[in-house]
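Here's the structure, in structure tokens; my notes come after.
Protein chains get the first letters and strands the later ones, always in sequence-line order, with residue 1 at the start of each.
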Number of protein chains: 4
Amino acid sequence: MSPRTAEQYEKIRAEKQKLIMDVAIEIFAEKTYQGASVSMIAQKAGISKGLLYNYFESKEDLLKEIIKSASQKVWQYFDPNKDGVLTKEEFIFFIRKGIQVIKENINYWKLYLTLVLQPLVIDIVKSDVDDLAKQYGKMIFELFKRSNMKDPEGELLLMSAMLRGAIIQYVTVPNLFPIDKFESKIIEYYFEKL
Amino acid sequence: MSPRTAEQYEKIRAEKQKLIMDVAIEIFAEKTYQGASVSMIAQKAGISKGLLYNYFESKEDLLKEIIKSASQKVWQYFDPNKDGVLTKEEFIFFIRKGIQVIKENINYWKLYLTLVLQPLVIDIVKSDVDDLAKQYGKMIFELFKRSNMKDPEGELLLMSAMLRGAIIQYVTVPNLFPIDKFESKIIEYYFEKL
Amino acid sequence: MSPRTAEQYEKIRAEKQKLIMDVAIEIFAEKTYQGASVSMIAQKAGISKGLLYNYFESKEDLLKEIIKSASQKVWQYFDPNKDGVLTKEEFIFFIRKGIQVIKENINYWKLYLTLVLQPLVIDIVKSDVDDLAKQYGKMIFELFKRSNMKDPEGELLLMSAMLRGAIIQYVTVPNLFPIDKFESKIIEYYFEKL
Amino acid sequence: MSPRTAEQYEKIRAEKQKLIMDVAIEIFAEKTYQGASVSMIAQKAGISKGLLYNYFESKEDLLKEIIKSASQKVWQYFDPNKDGVLTKEEFIFFIRKGIQVIKENINYWKLYLTLVLQPLVIDIVKSDVDDLAKQYGKMIFELFKRSNMKDPEGELLLMSAMLRGAIIQYVTVPNLFPIDKFESKIIEYYFEKL
DNA sequence: AATGAATGAGGTTTCATTCAT
DNA sequence: CATGAATGAAACCTCATTCAT
């Protein structure tokens with residue numbers, strides 16, 4: 001009966017906040033940010049609309065928080081190591097890990113994709129992600145060059161297109177796209193080339 | 001004093017309908033189907049909201065008509081020829097033509113992409129396109145097999161992922177993606193392999 | 001090829017006007033004055049909306065004209081004869097004729113009934129009809145008195161209620177109400193009493 | 001600080017819902033279902049349009065609920081007793097009670113009448129009411145037969161027409177129709193005949 | 001921390017009416 | 001006399017957000 005400690009409250013808050021965000025990702029991915037209503041999210045999360053506004057300032061704020069937090073979670077695995085140099089093994093790992101992360105967060109990626117397709121609406125998303133993408137791009141380019149590829153830039157283009165396309169396809173129709181076969185294939189491809 | 005002839009009316013209708021659809025594609029692509037309002041479309045088309053409903057039964061109907069008409073326009077170039085067999089040259093042409101069509105219809109492709117990412121909302125889109133995609137898939141697979149590729153199925157996977165990814169990237173950030181370089185690269189790639 | 005004469009034009013106008021009114025009565029009766037749209041009427045009459053406005057100033061004007069004209073048509077049979085005295089035979093005739101007129105103009109009566117149920121909307125209707133009703137009421141009252149009925153006023157009340165109720169019922173569900181049986185019954189009733 | 005209890009919310013909802021329905025009956029009766037606007041109802045009820053939609057799914061739903069609830073309220077007095085046999089006294093009571101109920105719910109009856117005159121719009125109304133009407137019709141017919149009336153069927157026809165007509169007249173112009181005199185008269189009539 | 005009634009701006013849609021032809 | 005494209009006001013409805021409790 002003793003009042004909860006500050007930490008307990010903090011924990012409860014954090015959990016409820018996560019719950020709301022998880023539910024929101026799902027609904028946003030299914031219905032679009034604009035097509036989803038705050039009521040739907042509150043209802044599916046089992047809380048009142050009022051309480052949702054206790055945790056997030058607005059619907060847009062909720063979206064921003066989702067992107068912020070999910071970005072962190074998703075991209076943490078790819079923090080480039082200190083030296084900024086990518087070995088062949090690290091590159092293979094990067095692909096494997098990347099595909100795994102996507103498999104585990106389909107809805108987030110779906111949401112992410114709908115968002116990047118509306119440049120005017122959301123610029124938040126880009127900034128973070130773009131930086132990382134550039135760094136990686138550079139490192140992979142260097143790897144390709146070191147491996148004596150004829151046209152490292154062109155190869156980079158093909159590679160990123162391949163990955164991106166596979167993600168889209170997988171995220172859109174998970175059951176129809178053989179992500180595992182794709183994974184072996186692309187790894188086999190670069191294993192030989194590098 | 002006499003009323004316009006049937007042809008005159010027909011012309012007016014056809015032109016205005018096209019105008020509305022063109023404007024709508026642009027706005028839908030920019031803001032999402034749900035994020036765009038009929039008012040915005042009417043305003044940008046320079047007509048009253050009421051008139052829009054003279055031409056389309058509803059916002060959803062407008063979307064459907066856009067998809068129907070744009071699908072026709074976009075996919076007509078790819079009607080497989082009678083024999084159902086794809087030569088190496090036809091395959092190269094297919095890629096070239098495909099990229100060109102996309103360059104000329106960026107907004108439609110953007111819209112198409114936001115739509116396929118919301119499976120619950122629109123099933124119209126798929127049916128038409130899926131058929132064609134399957135036919136092509138099969139023909140390309142046969143070509144790869146005839147060319148003695150080791151794993152034609154896997155190669156098809158990589159190829160479609162590459163194309164898809166390039167489209168996404170180009171459509172999303174046209175200025176940043178070197179579509180022409182990508183085109184030469186992928187053609188070069190298959191020119192050697194086939 | 002000679003231009004039509006003024007009379008011919010006049011005839012055409014009169015016919016078209018009647019056509020529009022007939023169609024409108026039907027639709028108003030079916031959908032309510034408010035629920036019917038000018039477009040529907042024009043379409044069913046096979047003319048353009050614009051032309052309809054050539055014949056009637058407004059939707060409300062169309063309604064007024066319908067009521068005016070139909071009232072005349074409907075009530076003309078009941079113009080009390082000069083002397084203002086109703087014989088038993090005339091009374092019977094009045095009932096017979098009344099029922100016949102209703103059978104022949106179901107839709108007008110339906111419309112009329114929906115209108116009298118909205119006192120605020122239409123006052124036009126009443127004025128004409130009320131006068132006639134009062135005159136008739138008085139004459140029937142006199143007839144009842146001459147026939148030595150105990151309570152002529154009360155009998156008048158019952159009679160008008162009976163007629164009114166039968167009309168409503170018949171107009172509402174023509175197939176279910178045995179109007180002919182009702183007719184014989186009520187005539188038999190007054191034949192004995194008078 | 002704590003939220004209202006479930007009962008409190010329940011009470012608020014019930015009261016407001018009743019308020020809206022009461023206001024709506026009045027306005028529908030006065031202006032027709034189609035002629036009344038949701039704005040008018042909200043305004044007269046002193047609430048926002050939005051709130052009305054918190055209580056009713058649509059304007060049509062509001063109408064249906066009114067009919068449902070009012071039907072219950074209105075017809076509950078007439079639940080035939082178990083044996084299904086009507087005595088002379090019960091018949092007299094039925095007429096008295098019926099007239100009283102109508103006097104107390106003029107607006108509902110007005111609304112009801114406008115609705116039955118639009119067969120295409122509302123079928124809801126009929127089903128409930130028709131059943132009851134049939135049961136009563138049968139019971140009254142039996143009573144008439146037991147009382148050795150020459151033509152019980154014809155008498156039933158006259159009686160229901162009389163009642164119906166009186167209701168219409170009273171509901172349409174309450175001040176002009178002497179409902180009390182009608183009541184005594186019709187009771188006197190059947191008191192002698194039965 | 002929690003509720004859901006309440007608001008109001010804005011969305012989609014309808015329709016009487018006008019007008020150039 | 002005749003057309004139907006075009007308008008704009010107003011209808012129905014939705015939903016992010018607020019607030020008393």
Side-chain angles (χ1 to χ4, degrees), chain A residues 4 9 12-13 16 34-43 47-62, chain B residues 1-6 8-10 12-13 15-16 34-42 46-62, chain C residues 4 9 12-13 16 34-43 47-62, chain D residues 1-6 8-10 12-13 15-16 34-42 46-62:
Chain A
R4 273 170 271 212
Y9 272 123
I12 291 175
R13 270 197 83 78
K16 194 134 277 183
Q34 333 248 6
S37 80
V38 171
S39 293
M40 287 163 58
I41 296 168
Q43 192 167 16
I47 62 167
S48 68
K49 270 183 289 181
L51 190 56
L52 191 150
Y53 278 87
N54 191 317
Y55 284 92
F56 300 91
E57 279 176 16
S58 65
K59 190 184 175 189
E60 192 179 334
D61 179 49
L62 169 56
Chain B
M1 287 302 176
S2 53
R4 274 171 268 223
T5 63
Q8 282 172 314
Y9 279 127
E10 195 51 47
I12 290 176
R13 281 196 79 79
E15 279 170 4
K16 197 126 283 183
Q34 334 244 5
S37 80
V38 169
S39 296
M40 289 162 62
I41 296 168
I47 61 168
S48 65
K49 268 182 291 181
L51 188 57
L52 193 150
Y53 282 89
N54 189 319
Y55 287 90
F56 300 92
E57 282 176 12
S58 64
K59 191 185 174 188
E60 190 179 336
D61 179 49
L62 170 57
Chain C
R4 272 169 272 210
Y9 271 124
I12 292 176
R13 269 196 83 78
K16 195 134 277 183
Q34 333 248 6
S37 80
V38 171
S39 294
M40 287 163 58
I41 296 168
Q43 192 167 15
I47 62 167
S48 68
K49 270 183 291 181
L51 190 56
L52 192 151
Y53 277 88
N54 191 316
Y55 285 91
F56 300 92
E57 280 176 14
S58 65
K59 191 185 176 188
E60 191 179 335
D61 179 49
L62 170 56
Chain D
M1 287 301 179
S2 52
R4 275 173 268 223
T5 62
Q8 282 172 314
Y9 279 127
E10 195 50 47
I12 290 175
R13 280 195 81 80
E15 278 170 5
K16 197 126 281 182
Q34 332 245 8
S37 82
V38 169
S39 296
M40 289 164 60
I41 296 168
I47 61 168
S48 65
K49 265 182 293 180
L51 188 58
L52 194 150
Y53 282 91
N54 188 319
Y55 286 91
F56 300 93
E57 282 177 12
S58 65
K59 190 185 175 188
E60 190 180 336
D61 179 49
L62 170 55

Show the nearest heavy-atom pair for residues [X] and [Y], with the distance to one decimal.
X: C/Asp61; Y: C/Phe56; result: OD2-CA, 3.6 Å
X: B/Lys49; Y: B/Ser39; result: CD-OG, 3.3 Å
X: B/Lys59; Y: B/Ala36; result: NZ-O, 2.7 Å
X: D/Arg4; Y: D/Gln8; result: CA-OE1, 3.1 Å

Original post:
Between A/Leu52 and D/Gly46, who's closer to the 5' end of DNA chain E by nearest nucleotide?
Top reply: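 It is A/Leu52, whose closest nucleotide lies nearer the 5' terminus.
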First of D/Ile47 and A/Ile47 reached from the 5' end of DNA chain E, by closest nucleotide: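 It is A/Ile47 whose nearest nucleotide is closer to the 5' end.
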Here DNA chain E, pairs taken as Watson-Crick or G-U under 3.5 Å and shown with ( ), [ ] when crossing and | when to another strand, reads .||||||||||||||||||||
Q) Can you find a side chain N or O atom of D/Arg13 that sits less than 4.0 Å from OP1 or OP2 on E/dA5? A)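 For E/dA5, OP1 or OP2 has a side-chain N or O of D/Arg13 closer than 4.0 Å.
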For a quick check of understanding: with a heavy-atom distance under 4.0 Å over all strands, which category does D/Tyr55 fall into, base, sugar-phosphate or nothing?
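Sugar-phosphate contact only.
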query: Are D/Leu62 and D/Ile41 side-chain neighbours, meaning at least one heavy-atom pair lies under 4.5 Å?
result: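 In contact.
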| said: Of the listed nucleotides (E/dA6, E/dT3, E/dA2), which one gets closest to any side-chain atom of A/Lys16? | reply: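 Closest of the options to the side chain of A/Lys16: E/dA2.
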**Prompt:** Which nucleotide, F/dC1, E/dT3, E/dT21, lies nearest any side-chain atom of C/Asn54?
**Reply:**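 Per side-chain heavy atoms of C/Asn54, the pick is F/dC1.
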Going 5' to 3' through nucleotides 15-20 of chain F and flagging B where a protein heavy-atom sits under 4.0 Å of the base, S where only the sugar-phosphate is that close, and - otherwise, we get BSBB-B
Task: For D/Asn54, side-chain hydrogen bond (donor to acceptor under 3.5 Å, both in side chains) partners two or more places apart - done: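 Testing D/Asn54 for side-chain hydrogen bond (donor to acceptor under 3.5 Å, both in side chains), a comparison that skips the adjacent residues, returns D/Arg13.
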Inter-residue atom distance C/Tyr53.OH - C/Ile47.CD1, 0.5 Å rounding:
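Output value for this atom pair is 11.0 Å.
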Rounded to whole Å, please give me the gap between CZ in B/Phe56 and P in E/dT12.
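Result: 15 Å.
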